[in-house]
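Below, chain A is the first sequence line, B the second, and so on; all start at residue 1.
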Amino acid sequence: MNTLKYKRPKGTRDIIPEEFELRERLIEKIKKSIRAYGYKFINTPTFEHTELFIRSIGDSTDIVEKEMYTFQDRKGRSYTLRPEGTAPVIRAFLENSIMPPAKLAYIMNMFRAERPQKGRFREFWQVGVEAIGIKDPLIDAEVIEMGYSILKELGAEKLVVLINSIGSIEERQAYKSALLDYLNEKEQDGSLELCNDCKRRKSRNPLRILDCKIDGPKLKDAPKLKEFLSSESLKYFEEIKTYLDKWGVKYREEPRLVRGLDYYNHTAFEIVSEKIGVEDTILGGGRYDSLVEDLGGPATPAVGWAFGLERIINYFYQIPRISGPFYFVATVNEFSKGYAIGLLKKIREWKIPSDMTYEPKSLKAQMKIADRLNAVKAVIVGEDEIKVQKVRVRDLETGKEVLVPEEELVRIYEEEMARRNKQEAI
RNA sequence: GUGAGAGUAGCUCAACUGGCAGAGCGCUGGACUGUGGCUCCAGUGGUUGGGGGUUCGAGUCCCCUCUCUCACCCCA
């Protein structure tokens, strides 16, 4: 076991059949919901020029500083496995001359070299949306409402929407220096001693100091971000809240909510779940009005979010037991096996999941395998059946058997599937 | 990057202060040679993650190393 020669790289996951089926179902549901809001899906390459991420995310962010998988090709050019989806989607939006307003969505895997832990991986899948070219509180509100509704439809529990406005880049800059002045003053007169983390935060992301568990409480009288927002910024934020109220989306205003990527401005939001005691972020997003221009396009406002597929599955789903083949064909001797091979070929042409044992086994052993595979029905083909040109179909749940002509297998399958769909709908 | 915990059969886990490596589940076969699940019986199972050290003797103690998990930072 631990002597295995090869193991998966740290922080990566194998998606075994049971989870694969669950994922497929969830993804179908997600796509349907997102399309209902007018979005179209897009895919971008797994890796991009490293510069794209440094320019967009910001060179002093954690992602760029220490979490990117960056490598060089044979010509010495630097590429990076995408750590997030927004910059690549915007790049693709520009490169393919997609006209705004554009609503683009994606389901793509991302890569970050973090230390893995619960709900956190080095390769993980994100579902994301980007509404490009629209600047109105209504779209911010709609984007938030959509994220909330989708998570709810997916069965996520105890969701809380956290929102904040971090103002324009200029407003935030002014606030940042005011906050730093305040901190420096306090440190110099000896009334404040920041923890080591916060000393680092001062140069990297001072806004986060307010949220520090150690230092945050000591900073009650620090300047507030809101005091630095213009009346337009405040009005924009108020209107978003009005729409959310109208739609009945419950939110909590979180003045200290900031986002870790440089390109965000004005609206910032997160959706967390309190399911496991502590709040854990499932979805994060915000407005980024300067990114398109930063990447060389015309000034174009945009807003979007992303959520982690694994977090949804980890927190809210049990990996199901999946059903095996619908028909498991069992034989009694070499002669009937020859017949069964032909039958199986027909069943497969009807696209009904089916299987058999390849090595010779007793009927008993075959039934055992059918049971273990969680097959729905066993089709027993023996000399008695062949003689009357019929097959014996045994329901593996009830044990009831019927003797029917081969063609009936299609009808039995369809009826069973119809019954199951009906049950699922309830 | 920082801190904590854990590695024993395919899986879940036992093994008193160092003293013969075990159980359940699984798997294979049988009781039942054309019928699965339940029961009973038998069989199958191991470099105790790896390396070194202490000892008459190490799964157990010490050192190194690898892997996994959780938390912090940060994030989805």
Given RNA chain B, 5'-ward residue of the pair A:G382 and A:R115, judged by closest heavy atom: A:R115
Sugar-phosphate, base or nothing in reach of A:I282, heavy atoms under 4.0 Å: sugar-phosphate
Rounded distance (Å) that lies between atom P of B:rG36 and atom CD of A:Q366: 12 Å
Touch class at under 4.0 angstrom, heavy-atom based, for A:E123 against every strand present: nothing
Interatomic spacing from CD in A:E397 to CG in A:N374 - rounded to 0.5 Å: 9.0 Å
P gap between B:rG18 and B:rC62, integer Å: 11 Å
Watson-Crick or G-U wobble mate for B:rC75, both contacts under 3.5 Å: none
Distance, C1' atom - from B:rU8 to B:rG59, rounded to whole angstrom: 7 Å
Nearest-Å distance for atom pair CE/P, residues A:M68 and B:rC74: 19 Å
Distance, C1' atom - from B:rC20 to B:rC64, rounded to whole angstrom: 30 Å
Options B:rC74, B:rG37, B:rG34, nucleotide nearest the side-chain atoms of A:R394: B:rG37
Residues A:K387 and A:E383 bridged, charged N to O under 4.0 Å: no
Watson-Crick or G-U wobble partner of B:rA14, both distances under 3.5 Å: none
Short N-O contact, A:E416 and A:R420, less than 4.0 angstrom: yes
Pairing partner (Watson-Crick or G-U wobble, both distances under 3.5 angstrom) of B:rU33: none
Sugar-phosphate only, base, or nothing, as touched by A:E84 at under 4.0 Å among non-hydrogen atoms: nothing
Polar pair under 3.5 Å, donor/acceptor by atom type, side chain A:R120, base B:rC74: yes
Distance-only donor-acceptor test (3.5 Å): side chain A:E385, base B:rG34: yes
Carboxylate-amine/guanidinium contact A:E414 A:R411, below 4.0 Å: no
Rounded P spacing from B:rA6 to B:rA15 in Å: 14 Å
Presence of salt bridge, A:R91 and A:E48, under 4.0 angstrom: yes
C1' atoms of B:rA14 and B:rC56, separation to the nearest Å: 27 Å
B:rG7 versus B:rG50 - spacing of their C1' atoms, nearest Å: 12 Å
Partner nucleotide, any strand, of B:rG3 [Watson-Crick/G-U, under 3.5 Å]: B:rC70
Touch class at under 4.0 angstrom, heavy-atom based, for A:N333 against every strand present: nothing
A:Q117 side-chain proximity, nearest of B:rC75, B:rC70, B:rU35: B:rC70
Separation of B:rC66 C1' from A:K7 NZ (nearest whole Å): 9 Å
Separation of B:rG30 P from A:L363 CG (nearest whole Å): 12 Å
Base-pairing assignment for B:rA42 (Watson-Crick or G-U wobble, both under 3.5 Å): B:rU28
Base partner of B:rC20, which must satisfy Watson-Crick or wobble distances under 3.5 Å: none
Sugar-phosphate, base or nothing in reach of A:A306, heavy atoms under 4.0 Å: sugar-phosphate
Sugar-phosphate only, base, or nothing, as touched by A:E401 at under 4.0 Å among non-hydrogen atoms: base
Rounded distance in Å - CG (A:N109) to P (B:rA76): 16 Å
Partner nucleotide of B:rU8 by Watson-Crick or wobble geometry (both distances under 3.5 Å): none
Nearest-Å distance for atom pair CG/P, residues A:D280 and B:rC75: 13 Å
Sugar-phosphate, base or nothing in reach of A:G399, heavy atoms under 4.0 Å: base
Distance, rounded to the nearest Å, where A:I369 contributes CD1 and B:rG36 contributes P: 13 Å
A:I380 side-chain proximity, nearest of B:rU35, B:rC74, B:rA71: B:rU35
Nearest-Å distance once atom C1' is located in both B:rC63 and B:rU55: 16 Å
Test: A:K390 and A:E385 ion pair at under 4.0 Å: no
Presence of salt bridge, A:E19 and A:R13, under 4.0 angstrom: yes
Gap between atoms CD and C1', on A:E310 and B:rC75 respectively (whole Å): 14 Å
Ring-base stacking, A:F124 with B:rA76 (5.5 Å, 30° cut-offs): yes
Electrostatic pair A:E153-A:K29, nearest N-O below 4.0 angstrom: no
Touch class at under 4.0 angstrom, heavy-atom based, for A:E270 against every strand present: nothing
Sugar-phosphate only, base, or nothing, as touched by A:L283 at under 4.0 Å among non-hydrogen atoms: sugar-phosphate
Pairwise P distance, B:rC40 and B:rC25 [rounded to whole Å]: 9 Å
side-chain N/O A:K10 vs B:rC68 OP1/OP2, d < 4.0 Å: yes
Neighbour count >12 (heavy atoms, 6.0 Å) for atom CD, A:E408: yes
Distance-only donor-acceptor test (3.5 Å): side chain A:K364, base B:rC32: yes
Closest listed nucleotide, where the reference is the side chain of A:R201 and the choices are B:rU28, B:rG36, B:rC73: B:rC73
hbond_proxy A:R311 side chain to B:rC75 base (donor-acceptor, 3.5 Å cutoff): yes
